[in-house]
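Okay, structure first, notes after.
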2 protein chains.
Amino acid sequence: MVTIYDIAKLANVSAMTVSRVINNTGKISDKTRAKVKKVMEELHYVPNSMARSLVLQETKMLSLLITDITNPFYTTLARGAEDAAMKRGYKLLFSNSDEDVAKESEYVDMVLSTRVDGVLFAPAGDDSLSHLEKLRKHGIPFVLIDREVPGMESDTVLGDSKEGARKLVEHLIGLGHRRIALLNGSLDVSTARHRYTGYKEALKLSDIPFDDELIAESAYSRSSPNRTIEAIERLLQLPERPTALFAANNFLAIEAIRAMRDRGIRVPDDMSVVCFDDLDLASVIDPFLTVAAQPAYQFGTIGVQLLLDRIQETDGAEWRKIILPSEMIVRKSVQPFAEL
Amino acid sequence: MVTIYDIAKLANVSAMTVSRVINNTGKISDKTRAKVKKVMEELHYVPNSMARSLVLQETKMLSLLITDITNPFYTTLARGAEDAAMKRGYKLLFSNSDEDVAKESEYVDMVLSTRVDGVLFAPAGDDSLSHLEKLRKHGIPFVLIDREVPGMESDTVLGDSKEGARKLVEHLIGLGHRRIALLNGSLDVSTARHRYTGYKEALKLSDIPFDDELIAESAYSRSSPNRTIEAIERLLQLPERPTALFAANNFLAIEAIRAMRDRGIRVPDDMSVVCFDDLDLASVIDPFLTVAAQPAYQFGTIGVQLLLDRIQETDGAEWRKIILPSEMIVRKSVQPFAEL
DNA sequence: CTGTTAGCGCGTTCAA
DNA sequence: TTGAACGCGCTAACAG
């Protein structure tokens with residue numbers, strides 16, 4: 001591996017001069033600069049960022065910890081984060097916690113030892129608190145994205161889960177539905193709680209009694225579809241069957257639709273379905289699901305922005321909390337409720 | 001930041017002893033080991049992997065360079081790669097070239113300066129050759145995934161593009177179609193060429209004359225849908241309009257279907273459509289597109305496997321080339337051709 | 001079993 | 001405008 005010393009020797013200067021040429025610091029005569037640059041090119045020199053990090057105490061790397069790399073919401077977010085980071089000269093280290101707090105723990109240790117300059121963190125659940133405390137204790141700046149964690153203040157980028165949920169459910173109510181089921185993610189995740197709240201608010205505003213039996217809890221990720229299937233089975237066997245379903249995210253909606261189809265329930269004819277997060281590709285080819293679409297790309301860019309601001313901050317500024325609105329897109333998965 | 005020296009001082013041992021405890025090397029008495037471990041925990045010590053990399057000359061990081069992080073084929077591949085890397089103690093640095101050879105160049109420089117131990121490389125096109133030569137010159141092992149580059153030998157994981165294409169087109173032919181258009185990606189990409197070849201082979205086997213007018217070239221990524229739209233318009237205006245379309249990847253199929261829909265052409269009634277790569281989510285909710293599905297996850301795991309084998313190889317073993325079959329999944333986007 | 005020395009590649013500090 | 005010495009945090013090699 002060629003180092004600045006190799007360059008220095010061939011250019012008849014000191015290593016320090018080479019370093020100055022690389023970083024454009026100090027005063028260097030044009031002549032020696034040209035000479036050094038020439039040698040650098042001849043030797044195909046590439047600076048060693050490890051060594052530089054060690055002395056500079058910064059890596060120019062950010063870590064993005066998401067819970068599911070196959071979910072289009074997160075991939076679009078990742079893309080936004082990457083574009084923003086790249087633009088500011090930072091690399092992005094992706095990690096995938098699989099909605100699993102234990103796996104998340106391993107990643108936090110990795111992040112710590114890699115000495116990244118900051119972390120974009122989509123917590124797997126409220127138990128992520130200890131991981132965040134660990135980061136904080138080590139002085140690593142982080143921004144929470146998509147989800148917040150009780151007991152931990154920080155810069156945060158969230159969606160308007162409550163409002164989005166309320167709008168979706170109100171849409172169903174407006175079409176005459178009164179038995180509306182909620183297929184939620186784990187209540188251990190803040191967005192699930194907020195969407196739950198929005199659901200209840202919508203009912204209340206229309207004087208529809210809340211029925212606990214209509215609530216089912218599964219998991220956001222696709223790793224365990226069984227809980228979703230069981231939930232759907234229970235809902236379908238209810239004496240007074242729901243006529244509409246609000247799924248708390250895209251994967252839940254899909255698994256639910258699949259489970260219902262397998263049981264002969266058609267959407268939207270037998271059951272209207274709405275959900276949070278759009279499906280990207282799927283929506284183009286077949287504009288089917290009525291959704292509350294979130295500006296996923298902006299989650300990423302804004303998250304990086306907050307993070308880099310925090311990193312460059314000298315005095316501890318106030319925590320910033322950005323709430324991004326979602327947009328309801330009405331499509332075909334919903335039908336008016338027709339009394340029999 | 002806590003260092004091994006801090007630990008050493010508090011534990012009344014030398015830094016070297018601490019290092020040995022951390023790495024489980026050498027012989028250490030249980031007593032001192034316990035003492036050191038206790039201090040490490042008290043101080044929340046986390047090893048600095050930068051420093052370690054510097055001396056060990058290895059980073060335990062791999063870089064995954066893909067061309068589109070929003071394409072489900074690549075995200076699933078990424079997931080496979082990450083799982084495999086993680087399992088072997090490696091981190092994965094993702095990058096996204098956007099099918100852009102220039103952007104790719106920046107990433108290669110980044111990769112070089114980060115001193116990753118190896119690269120999983122999905123080249124943006126044949127011009128990626130110079131980037132690969134750069135990696136090779138610097139002695140960084142890499143594995144080509146999904147695409148190969150003329151003039152560069154290396155370990156490679158490919159799909160059976162030719163066979164997959166042939167099967168898809170034969171399926172269309174079997175249904176009576178004879179005017180079959182090909183909407184291809186850039187011929188600068190090996191998979192596009194192979195799919196082209198498979199297309200032609202299928203025609204030849206059925207004695208259907210090849211018609212150059214039925215061939216359109218666009219781009220795999222969604223960044224420039226205009227070329228696809230123009231291509232579709234041209235195909236639709238052909239004197240003898242095609243009755244079926246083979247799109248060389250999922251995004252092309254989607255853009256094509258959208259463009260046709262906008263022009264009043266229904267799929268499959270007016271036009272049958274098949275393509276390479278499945279759509280994941282979209283297929284669950286609405287099993288629509290007939291596709292040649294590739295084992296994306298395996299692309300990732302096998303790629304990492306080849307890469308790590310190569311990294312640990314002492315003597316230069318033969319290049320290995322793994323070809324993964326694709327599976328044709330027949331769905332609703334295809335109809336038999338009915339002569340008028 | 002444990003410690004000392006040296007150096008990985010680079011940038012800061014100070015001197016020339 | 002340039003260079004020498006030092007240290008970032010760690011481990012290999014050798015010594016004890």
Side-chain angles (χ1 to χ4, degrees), chain A residues 1-37 39-40 43-61 109-117 138-140, chain B residues 1-37 39-40 43-61 109-117 138-140:
Chain A
M1 203 86 298
V2 16
T3 74
I4 52 172
Y5 289 97
D6 301 323
I7 313 281
K9 203 178 296 174
L10 279 183
N12 279 317
V13 295
S14 75
M16 203 45 236
T17 302
V18 178
S19 172
R20 291 199 179 95
V21 169
I22 293 169
N23 298 296
N24 266 314
T25 54
K27 304 279 175 195
I28 306 266
S29 76
D30 289 349
K31 209 194 311 174
T32 57
R33 178 190 310 280
K35 192 170 51 177
V36 168
K37 286 208 164 181
V39 177
M40 286 194 339
L43 265 51
H44 304 291
Y45 171 75
V46 180
N48 183 326
S49 63
M50 297 293 142
R52 173 180 282 170
S53 296
L54 197 58
V55 43
L56 255 31
Q57 301 283 39
E58 64 164 14
T59 56
K60 289 285 181 185
M61 283 201 253
D109 289 341
M110 240 183 204
V111 155
L112 248 26
S113 84
T114 310
R115 299 294 196 270
V116 299
D117 298 338
H138 283 267
I140 306 208
Chain B
M1 202 87 299
V2 180
T3 74
I4 51 172
Y5 288 98
D6 301 323
I7 313 281
K9 202 178 296 173
L10 278 184
N12 279 317
V13 294
S14 75
M16 203 47 231
T17 301
V18 178
S19 173
R20 290 197 180 97
V21 170
I22 293 169
N23 297 296
N24 264 314
T25 55
K27 303 281 177 194
I28 306 267
S29 77
D30 289 350
K31 209 194 314 176
T32 57
R33 178 191 309 280
K35 192 170 53 179
V36 169
K37 286 208 163 181
V39 176
M40 285 193 341
L43 265 52
H44 304 291
Y45 171 75
V46 180
N48 183 326
S49 63
M50 298 293 143
R52 173 180 282 170
S53 296
L54 196 58
V55 43
L56 255 29
Q57 301 283 38
E58 65 165 12
T59 55
K60 289 285 180 185
M61 285 202 254
D109 289 341
M110 242 185 203
V111 155
L112 249 23
S113 84
T114 311
R115 299 294 195 270
V116 297
D117 298 337
H138 284 267
I140 306 208

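Hydrogens, waters and symmetry mates are skipped; everything else that's a heavy atom, side chains included, is used. In this text the structure is predicted, and so the values were computed from the model without any measurement.
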Kindly check if the number of other-residue, nucleotide or ligand heavy atoms within 6.0 Å of NZ (K37(A)) is above 12? no
Find the distance [X]:[atom1] to [N]:[atom2] and express it as a whole number of Å.
| X | N | atom1 | atom2 | result |
| --- | --- | --- | --- | --- |
| M40(A) | dG9(C) | CE | C1' | 15 Å |
| R115(B) | dC10(C) | CZ | C1' | 11 Å |
| M50(A) | dG9(C) | CE | P | 13 Å |
| L54(B) | dC8(C) | CG | C1' | 4 Å |

Is there side-chain contact between R20(B) and V36(B), with at least one heavy-atom pair below 4.5 Å? no
M1(B) side chain near V46(B) side chain, heavy-atom distance below 4.5 Å: no
Is the phosphate of dC8(C) approached by N48(A) (side-chain N or O, under 4.0 Å from OP1 or OP2)? no
Taking only distance into account, with no hydrogens and no angle test, what donor-acceptor pairs under 3.5 Å do side-chain atoms of residues 9-17 of chain B form with protein atoms, sequence neighbours excluded?
| from | atom 1 | to | atom 2 | distance (Å) |
| --- | --- | --- | --- | --- |
| S14(B) | OG | M16(B) | N | 3.3 |
| S14(B) | OG | T17(B) | N | 3.3 |
| S14(B) | OG | T17(B) | OG1 | 3.3 |

Which sits closer to the 5' end of DNA chain C, T3(A) or K27(B), going by the nucleotide each is nearest to? K27(B)
Any residue meeting side-chain hydrogen bond (donor to acceptor under 3.5 Å, both in side chains) with S29(B), in chain and number order, not counting sequence neighbours: T32(B)
Counterpart residues, side-chain hydrogen bond (donor to acceptor under 3.5 Å, both in side chains), relative to D30(B) (two or more places apart): none
Between T114(A) and V116(A), is there a donor-acceptor pair closer than 3.5 Å when you use the side chain of the first and the backbone of the second? no
Side chain to side chain donor-acceptor pair (under 3.5 Å) contacts touching residues 48-59 of chain A (sequence neighbours left out): N23(A)-R52(A), T59(A)-D117(A)
Minimum heavy-atom distance between H44(B) and H138(A), given as atom pair plus value: O-CE1, 2.9 Å
Going by the rule side-chain contact (heavy atoms from CB on, under 4.5 Å), which residues pair with V2(A) if we only count those two or more places apart in sequence or in a different chain? D6(A), I7(A), L43(A), Y45(A)
Tell me, please, the opening and closing nucleotides of DNA chain D, 5' to 3', among those with an atom under 4.0 angstrom from a non-hydrogen atom of chain A. dT1(D) to dG9(D)
Got a sec, which residues hit salt bridge (charged side-chain N to carboxylate O under 4.0 Å, His left out) with D109(A), two or more places apart in sequence or on another chain? K134(A)
Touch check for [X], heavy atoms < 4.0 angstrom, all strands: base, sugar-phosphate only, or nothing?
| X | value |
| --- | --- |
| T32(A) | sugar-phosphate |
| I22(B) | nothing |
| S53(A) | nothing |

Side chain of L56(A) only, heavy atoms from C-beta on: which candidate in dC8(C), dC10(C), dG11(C) is closest? dG11(C)
Near DNA chain D, counting only heavy atoms under 4.0 Å, which residues of residues 4-18 of chain A show up? V13(A), S14(A), M16(A), T17(A)
Could you walk me through whether N24(B) and R33(B) pass the side chain to side chain contact (heavy atoms under 4.5 Å, CB included) test, one step at a time? CA-CA 10 Å; N24(B) 264 314; R33(B) 178 191 309 280; 3.3 Å; yes
How long is the span from the NZ atom in K35(B) to the CD1 atom in I28(B), to the nearest 0.5 Å? 10.5 Å
Got a second to check how far L54(B)'s CG is from R115(B)'s CZ, nearest 0.5 Å? 10.0 Å
How bent is the helix from dC1(C)-dG16(D) to dA16(C)-dT1(D), comparing axes over its five end pairs at each side, to the nearest 10°? 40°
Restricting both atoms to N or O, compile the protein contacts to nucleotides 14-16 of chain C shorter than 3.5 Å, with distance only.
none

